[in-house]
Amino acid sequence: MKVRIKFEKYGALKYIGHLDVMRFFQKANRRANLPVAMSKGYSPHQLLTFSNPLGLGMISEGEYMDLELTKDMDCKEIIDRLQEVMVEGMHILDACPILDEKQNAMASIRACDYEISFEEKVFEEETLLGFLKQEEILVKKKTKKGETKVNIRPMIYEMYFTRGNFEPDGSEEELLYLKLASGSEQNLKVDLLLETLYAFAGKECRPYSYHIKRKDCFGKDPNTQELVNLFELASRIKKKEEENS
Amino acid sequence: MKKLALPEEILMAVDKPARYIGQEVNSITKNKEEVDIRFCMCFPDVYEIGMSHLGIQILYDMLNQFSDVWCERTYSPWVDLDSLMREKKIPLFALESQDPIKEFDFLGITIQYEMAYTNILQVLDLSQIPIFSKDRGEEDPIVIGGGPCVYNPEPLAPFFDLFYIGEGETQYRRLLDLYKENKAQGRSKQDFLKKACQIPGIYVPSFYQCEYKEDGTLKAFYPIVEEAPKKIRKEIQMELNETYYPEKPLVPYIKATQDRVMLEIQRGCIRNCRFCQAGQIYKPVRERSVEFLKDKASKMIANTGYEEISLMSLSSSDYTHLNELVSYLIENYHEKGVNVSLPSLRIDAFSLDIMSKVQDIRKSSVTFAAEGGSQKIRDVINKGINEEVILKGCHDAFLGGWNKVKLYFMLGLPMEEDEDCKDIAHLSEKICELYYELIPKENRKGQKASVTASASFFIPKPFTALQWARMYPAEEYSRRAYLVNDEVKKMLNHKSIRFQWHSSDVSVLEGLLARGDRKIAEVIYKAYKKGAIYDAWTEYFHNEYWMEALEECGLSLDFYCYRERETDELFPWDFIDPGVQKSYLIREWNRARKGLVTPNCRQLCTNCGAKIFGGGVCFESKN
């Protein structure tokens, strides 16, 4: 059985890097006594994959881990057992079976959405609209051969101001919502976008003047091509198979 | 959300911020309003090293079982954070609460190796606690030192309020009760220390005075308050099956040096190697029962999720029930992907069989701590191993599929001559020849023999049979290392032999600190002030700071390191009673120089003095 687990990471744990989060879950899975399938060989490792790495210093309420289990388990039990062995700053949100066993959290990603909390208000609504009105937003990107210019405008799917709590125990504040292309085909980093926005607005981008939270990760529904979060994606693919059979 | 002592711009600017945030799996948070005593346990080296230390895990677990105590941890900030904390005047904090350590009741520092001494000063300094004990006030924490280096605490005497000599399980409760009582009565720190120094194993250095002879050696060492005892006997936990042992050890987020469950199977060693300090100060050997170990192993694996368990002891092969324990662990955990590792194992048919079950033979190597290249030297140090045993072990290993051999040696041992050094090359060569003789070309799978010989330089340590021996200047150590290196190059199979050696400057300094007296404290302080920290890390070690400090203090390596000491000399550490008697050590020193081997504790009791503790190997029935 293959399961997808959704979890959040916040507070001081934003200083734990991606590789250490992987190591953390390998141990957590053992503490929870989950029957995770192992690879063969002298140094067997657990068969698990993660959604694309979250940058150091970012918090998230939509991280994913895919697990291969040697026997079927009730998802509620998986959630309970894992949550039991979590630490402050790591919280299991949900679990569901992945119906198409070939699907994998890392490879499926096409987009991610984020909320940005600013230390102080820098951008007005009009600035944002003006920024998005541009047909092309060219930024320099380093490649093996040197520098090229890339148009990032098509990689910005959504961008607007909203209100909400940034950390689970924080108070309500104004946040910038972003939905950006992510994954192996097209990838736009939040920092690069914000740098470009600061430059567009003629403002200085000082270090640590904003904080990033990833809200969720999305893949494409194979039937409709619409973006759905990885949790929904785990079940959607089944439909197509049913139609074919 | 938990507050952090360091702001985001610092945590994002330093290497591995996870070192400083705490919140590890199995770490303990209490309400500080509900405890009487706040204790901070410190390992004065970087987090990944400190988190790998079993002793702190045991004491952390023990102290937190006391409902009136909250024990937290701290480690040396790495050099990047060190300079930022100094610049921004941020006080060093404990990981759990992130509160400044200067607000605590106790700061306990474990002192595991001499080259961490300047890091102790770093920790005090960054904590904004006065470095010298005499400058501390009533509000400052009481600074306690423990660990193997406190068997000669004198070079560190002025920096500590008290030292706990011996194993931590026995007297902490008493010490803490005394502290609470003293505080409740509104008495001073000095009052507390006067009572504390009457607890067995507790040494309050400010209550003692040294007098020196004209030649610089110690003339007299005595207490100057009537409460303080003349001699201090080490503390020892004789019953290792009914004592504290963590079932939920801490699990760090970042990879620690020991990234595995540590299971201490016994304390002490029967072998009586004459250079080894651990072998003497942890006497007598006490084993934990197999039942105890099986129970703890399964709980620790379940509570940590580690993929490896390591059996800890000075000499695992001497543990009576090793076969039963290892078979149990392999049977119950190997299938679940939990590896068993056995450091300090003697190579024989039994251990090779175990190793072939738990390791990938192609990647692993067999290790021999031969220590001496020649039999003469191995007899001087009483290393109960001879060439025949090493070659037999290699023979079995090669037939079992191994092709890599690691050999550990010491250079600069007493009685060592150039020929003894060269024998390191000769022994390595013999092992290579054995491989090529034994394994026909078609069975080698393209693999050559691979012998790695590593040499460190001998450092005489207090309470060993070689505590009277001299050291040599760094250049002489280098000469001997090159002698071996040149000899290796002359060997037929030199392409299969790799020889490497440690830095000789550091070895000399380690020797200085190991057998130093109170006068050395000023040298440590001056070296620290010049910038010495992380001396155990080659890239941060600056020999010149130490040489300048020595000169400014008018002290010399000739006196502390390069002279053979007389057997009637009073040593700075002689006021400590580790059970083992000086008369026994003198007997062993004389036998060493005659190249006479002494049997191990299971073969024959040689009346070292450890019998006084009334248990362990000294009282095993001998037929």
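Letters A, B, ... are given to chains in the order of the sequence lines, protein chains preceding strands, and every chain is numbered from 1.
- D259(B) touches chain A through its side chain: at least one heavy atom from C-beta onward sits under 4.5 Å away, while N, CA, C and O do not.
- Only the side chain of L4(B) comes within contact range of chain A, with at least one heavy atom under 4.5 Å from a heavy atom of that chain.
- Ranked by heavy-atom pairs shorter than 4.5 Å toward chain A, the options A302(B), P252(B), S27(B), G22(B) are led by A302(B).
- Checking D94(A), T49(A), D216(A) one by one against Y64(A), the side chain to side chain donor-acceptor pair (under 3.5 Å) holds for a single residue, D216(A).
- Annotation: residues 197-211 of chain A contacts chain B through Y208(A), H211(A) [non-hydrogen atoms, separation under 4.5 Å].
- At most 12 non-hydrogen atoms from other residues, nucleotides or ligands lie less than 6.0 angstrom from NZ of K248(B).
- The CG atom of D295(B) sits 9.5 Å away from atom CE of M300(B), with the distance rounded to the nearest 0.5 Å.
- Cation-pi geometry between K213(A) and Y114(A) is not satisfied (NZ or CZ under 6.0 Å from the ring centre, within 45° of the ring normal).
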Using the salt bridge (Lys or Arg N to Asp or Glu O under 4.0 Å) rule, take E63(A) and K6(A) through it: C-alpha gap first, then chi angles, then the decisive distance, then the call.
-> CA-CA 6 Å; E63(A) 294 300 292; K6(A) 186 176 184 181; over 6 Å; no
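- Counting non-hydrogen atoms of neighbouring residues, nucleotides and ligands closer than 6.0 angstrom, the CD atom of E335(B) reaches no more than 12 such neighbours.
- Annotation: maximal heavy-atom pairing with chain B below 4.5 Å, among R23(A), M86(A), Q26(A), occurs at R23(A).
- If you measure heavy-atom distances from K16(B) to chain A, you find no contacts under 4.5 Å at all.
- No more than 12 heavy atoms of other residues, nucleotides or ligands shown are found within 6.0 angstrom of NZ on K406(B).
- One side chain, S97(B) or E72(B), offers a donor N or O that lies under 3.5 Å from an acceptor on the other.
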